[in-house]
Amino acid sequence: RFAFSRPVILQGVTDNSAFRALCTREKLLAAFGTRWVRLSTANTYSYRKGEGGELGFRPAAPSVGRAPLSSLLPAVDVPFQEYVEQLLEPQDPARLGSDTLYFFGDNNFTEWGPLFQHYVPPPFRIPGTSPAYSFGIAGSGSGVPFHWHGPGYSEVIFGRKRWFLYPPDKTPHFHPNETTLAWLYHTYPTLPPAERPLECTLHPGEVLYFPDRWWHATLNLDTSVFISTFLG
């Protein structure tokens, strides 16, 4: 019913309480504090960061409209503890997406695999696809501006995440290097009702399914832990 037509929120389809217990700040720092993680910039181009990279338990880098290769920035690798204690901070509304570092997706499966084994993904599949996980942690006000890729699910483990979505044939008004928070302040209020996106806010335990090539932007309302299941 929804696989190829429109997004839908799933509630109560899985129980990830065991996974959530392993994703507290204390548990993650104890297990991964000394491990190096790869950060990406919080702009539209970040979804091509995997090209040529060696990390990532995820499908091939999703296609993104209008993202020239010249716009790609080098990856930033830091110890996970440094990211949590020094870089995990509320988003500055004036900061560009290219100046905002974001931990999502580049998870070395050799190191993060034992954690992912405790995650229970949604039970629904699209024939001919296989799931791949992308795990992330981000500060309040952070997020990724509009982009699109293949279908998948996104679940919030801690915090709240606001989503803005447009169908494939309705390109949103945005600048690829403007953060979602800046877009919400500057562009969103000017949109007439007919041009506003579909919106929702995910709470812990809720899962959003997004179909193939739907434009979407995200905004973490709190310091958030989340995981996506891409159907590649």
Requested in this report: Test side-chain contact (heavy atoms from CB on, under 4.5 Å) on Leu39 and Val78 and set out the steps.
Outcome: CA-CA 8 Å; Leu39 308 181; Val78 299; 3.8 Å; yes

Rounded to the nearest 0.5 Å, how far apart are [atom1] of [X] and [atom2] of [Y]?
| X | Y | atom1 | atom2 | result |
| --- | --- | --- | --- | --- |
| Lys161 | Glu155 | NZ | CD | 12.5 Å |
| Asp92 | Thr179 | CG | OG1 | 8.5 Å |
| Ile157 | Thr24 | CD1 | OG1 | 12.5 Å |
| Ser224 | Leu202 | OG | CG | 10.0 Å |
| Cys23 | Ile227 | SG | CD1 | 7.5 Å |

Using modelled atom types only, decide if a donor and an acceptor are shared between the side chain of [X] and the backbone of [Y] within a distance under 3.5 Å.
| X | Y | value |
| --- | --- | --- |
| Thr100 | Leu96 | yes |
| Tyr83 | Ile137 | yes |
| Thr218 | Val144 | yes |
| Arg38 | Asp77 | no |
| His147 | Pro145 | yes |
| Arg6 | Ala3 | no |
| Asp222 | Arg160 | yes |
| Glu206 | His203 | yes |
| Ser5 | Arg1 | yes |

Query raised in the report: Between Arg125 and Leu231, does a side-chain contact (heavy atoms from CB on, under 4.5 Å) hold up when you go through it step by step?
Result: CA-CA 8 Å; Arg125 295 285 180 270; Leu231 302 176; 4.3 Å; yes

Hey, are the side chains of [X] and [Y] touching, using non-hydrogen atoms and a 4.5 Å cut-off?
| X | Y | value |
| --- | --- | --- |
| Tyr209 | Pro122 | no |
| Phe19 | Val225 | no |
| Tyr153 | Pro131 | no |
| Thr41 | Tyr102 | no |
| Ile126 | Pro151 | yes |

Query raised in the report: Ser17 and Asp15: side-chain donor and acceptor closer than 3.5 Å?
Result: yes

Query raised in the report: Would you call the rings of Phe104 and Phe226 parallel, tilted or perpendicular if under 30° counts as parallel and over 60° as perpendicular?
Result: tilted

Show the nearest heavy-atom pair for residues [X] and [Y], with the distance to one decimal.
| X | Y | result |
| --- | --- | --- |
| Ala21 | Lys27 | O-CG, 3.5 Å |
| Val120 | Asn16 | N-OD1, 2.7 Å |
| Leu88 | Gly139 | CD1-N, 3.3 Å |
| Leu208 | Pro7 | CD1-CB, 4.1 Å |
| Leu181 | Pro93 | CD2-CG, 3.9 Å |
| Leu191 | Trp183 | CD1-CZ2, 4.0 Å |

Report task. Begin from the C-alpha positions of Phe146 and Thr180 and carry the test side-chain contact (heavy atoms from CB on, under 4.5 Å) through to its verdict. Result -> CA-CA 8 Å; Phe146 284 102; Thr180 304; over 6 Å; no

Report task. For atom CZ of Phe2, decide whether the heavy atoms of other residues, nucleotides or ligands shown that lie under 6.0 angstrom number more than 12. Result -> yes

Query - Passing candidate, ring-ring contact (aromatic ring centres under 6.0 Å, His included) with Trp112, options Trp36, Tyr119, Phe80 - result: Phe80

Report summary line: Across all chains, not counting sequence neighbours, the ring-ring contact (aromatic ring centres under 6.0 Å, His included) partners of Phe210 are His149, Trp163, His216

Report task. Evaluate side-chain contact (heavy atoms from CB on, under 4.5 Å) for Leu184 paired with Phe164, printing each intermediate quantity in order. Result -> CA-CA 10 Å; Leu184 184 64; Phe164 307 91; 3.9 Å; yes

Query raised in the report: Is Arg196 close enough and on-axis enough to Tyr188, meaning under 6.0 Å and within 45°, for cation-pi?
Result: yes

**Report entry** Carboxylate-amine/guanidinium contact Glu89 Arg95, below 4.0 Å
**Finding:** yes

